[in-house]
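Only one structure is covered here, and it is reproduced in the block below.
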Amino acid sequence: MQKMKRIVQPLLRWFQRNARDLPWRHHPTPYRVWISEIMLQQTRVEAVKGYFERFLKAAPDIPSLAALPEERLLKLWEGLGYYSRARNLQKAAKVAVEKYGGRLPASYPELLTLPGIGPYTAGAIASIAFHLPVPAVDGNVLRVWMRLTADSADISDPTVKRCVEAGVQAILPEEHSGDFNQAMMELGATVCVPNAPPKCESCPLAELCAAHTAGGEQQYPVKKPKPPRRIEQRTLFLLQQGGRLALRRRPPRGLLASMWELPSENGALDQRQAVQAVRAMGLEPVRLLPLPPAKHIFTHIEWHMTGWRVLLAPPVSAPDLVWASIEELRERYPLPSAFRPYLNAFLEKTEQSGDTNAYSAQRKQ
DNA sequence: TGTCCACGTCT
DNA sequence: AAGACGTGGAC
């Protein structure tokens with residue numbers, strides 16, 4: 001498959017002229033490349049842009065990342081999703097401090113041992129930051145490669161990815177491995193896009209592309225359909241008292257681990273059941289007002305939510321809850337996006353006038 | 001509305 | 001090997 005060697009020069013030249021100007025490309029130090037690559041796992045460039053610089057400011061180097069309090073760390077990650085990425089980032093930072101003198105190790109196999117760094121990310125850091133000749137095959141590269149070779153193997157199969165890694169390894173330009181890997185990903189993100197239609201008119205590799213010359217770009221890549229999501233009914237409570245809102249910490253494992261949430265119960269509770277549930281938390285409801293239903297879609301679950309706004313009789317004592325002010329909702333407690341519709345309902349009722357805070361700003365976008 | 005991106009990593 | 005783990009935007 002040395003034939004694929006012909007893509008190298010046109011691709012590198014195309015990348016030189018068409019690389020997007022992205023914040024993490026400015027000073028591609030190992031630390032910056034690492035943070036950006038973890039943020040970019042399963043996450044679009046546009047979503048990461050708003051997080052990268054703020055994160056770097058809060059944790060400018062590996063020791064400061066290792067020392068960040070967990071709540072601050074998760075707050076910096078709030079809204080990005082896959083929160084275990086943030087925890088693994090910090091675990092790896094601690095390993096780097098203890099084992100590698102506060103730096104990332106400059107070798108692919110050592111990078112692979114760090115939490116949160118798998119084959120793709122190890123390849124990306126090794127090639128982009130350390131200029132080592134290692135492939136970095138992500139979903140973009142896989143799609144580009146399968147189209148270039150008109151290969152109808154199922155990319156859900158892990159062995160197929162290993163074949164593509166071997167193929168890239170065989171043609172990788174030793175002196176420009178990082179640029180080559182980035183160029184493949186950039187082409188996949190901006191030209192050889194998923195779904196209809198890839199922009200073959202502006203592709204530097206169109207004439208070398210087996211799928212294109214056969215007129216069938218869109219048949220690739222082939223992959224297994226995903227299993228359907230399961231639907232869960234949840235009832236959320238907006239427990240209000242003196243302008244503050246009750247929050248609860250989620251368990252440290254599983255869905256939205258260690259994030260904060262609105263107190264909630266399984267099932268769609270009617271008013272009578274909701275009163276019982278609130279009493280079971282150690283609180284005395286004065287009035288319950290229904291809130292509109294909302295839906296949140298995770299990869300594998302759909303939450304169908306109903307909500308109750310609950311006015312409480314003081315004094316109030318519930319051991320598992322904290323009472324957060326608007327300021328603390330914004331600055332302190334990491335809250336996943338799933339709760340935003342109901343947090344907004346609280347803020348709309350609580351805000352004095354049209355002032356701006358983090359959530360009302362997000363709401364207006 | 002629903003489907004896809006989104007192989008990325010961990011378990 | 002296959003399921004868990006978020007989010008938002010494009011179409």
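Letters go in sequence order (proteins before strands), and every chain restarts at 1.
- Applying the ring-ring contact (aromatic ring centres under 6.0 Å, His included) rule to A/His212 yields no partners; only residues at least two apart in sequence or on another chain are considered.
- Note on A/Arg44: a base of the nucleic acid sits closer than 4.0 angstrom, heavy atoms only.
- For the residue pair A/Gln240/A/Arg309, the side-chain donor-acceptor check at 3.5 Å is satisfied.
- Within residues 124-133 of chain A, no residue is approached by DNA chain C to less than 4.0 Å at the level of any non-hydrogen atom.
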Name the pairs: protein N/O against N/O of nucleotides 8-11 of chain B, kept only if under 3.5 Å.
from	atom 1	to	atom 2	distance (Å)
B/dG8	OP1	A/Gln42	OE1	2.1
B/dG8	OP2	A/Gly139	N	2.7
B/dT9	OP1	A/Gly118	N	2.7
B/dT9	OP1	A/Gly118	O	3.1
B/dT9	OP1	A/Thr121	N	3.0
B/dT9	OP1	A/Thr121	OG1	2.8
B/dT9	OP2	A/Pro119	N	3.2
B/dT9	OP2	A/Tyr120	N	3.2
B/dC10	OP1	A/Gly116	N	2.4

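- Relative to the side chain of A/Lys223, the nucleotides C/dT7, C/dA4, B/dC7 differ in distance, and B/dC7 lies closest.
- For A/Asn181 against A/Val134, the heavy-atom pair with the smallest separation is ND2-O, 2.9 Å.
- Applying the ring-ring contact (aromatic ring centres under 6.0 Å, His included) rule to A/Phe52 yields the partners A/Trp24; only residues at least two apart in sequence or on another chain are considered.
- Comparing the P positions of B/dA6 and C/dC11 gives an interatomic distance of 14 Å, to the nearest angstrom.
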Secondary structure of DNA chain C per the Watson-Crick/G-U criterion (both distances under 3.5 Å; [ ] crossing, | other strand, . unpaired) is .||||..||||

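- Salt bridge status for A/Glu78 with A/Lys75: present, with a side-chain N to carboxylate O gap under 4.0 Å.
- Of the residues in residues 292-307 of chain A, A/His296, A/Ile297, A/Phe298, A/Thr299, A/His300 come within less than 4.0 Å of DNA chain C through at least one heavy atom, sorted by number.
- Atom name C1', nucleotides B/dT11 and B/dC7: the rounded distance is 16 Å, in whole Å.
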Check the pair A/Glu37, A/Tyr120 against side-chain hydrogen bond (donor to acceptor under 3.5 Å, both in side chains), reporting the backbone distance first and the verdict last.
-> CA-CA 9 Å; A/Glu37 289 299 340; A/Tyr120 162 72; 2.6 Å; yes

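- Among the atoms of the strands shown, only primed sugar atoms or phosphate atoms (P, OP1, OP2) are found under 4.0 Å from some heavy atom of A/Leu256.
- Rounded to whole Å, atom P of C/dA4 lies 19 Å from atom CZ of A/Arg85.
- With hydrogens and angles ignored, no donor-acceptor pair under 3.5 angstrom links the side chain of A/Ser337 to the base of C/dG8.
- Note: CG (A/Leu142) to P (B/dC4) measures 17 Å, nearest angstrom.
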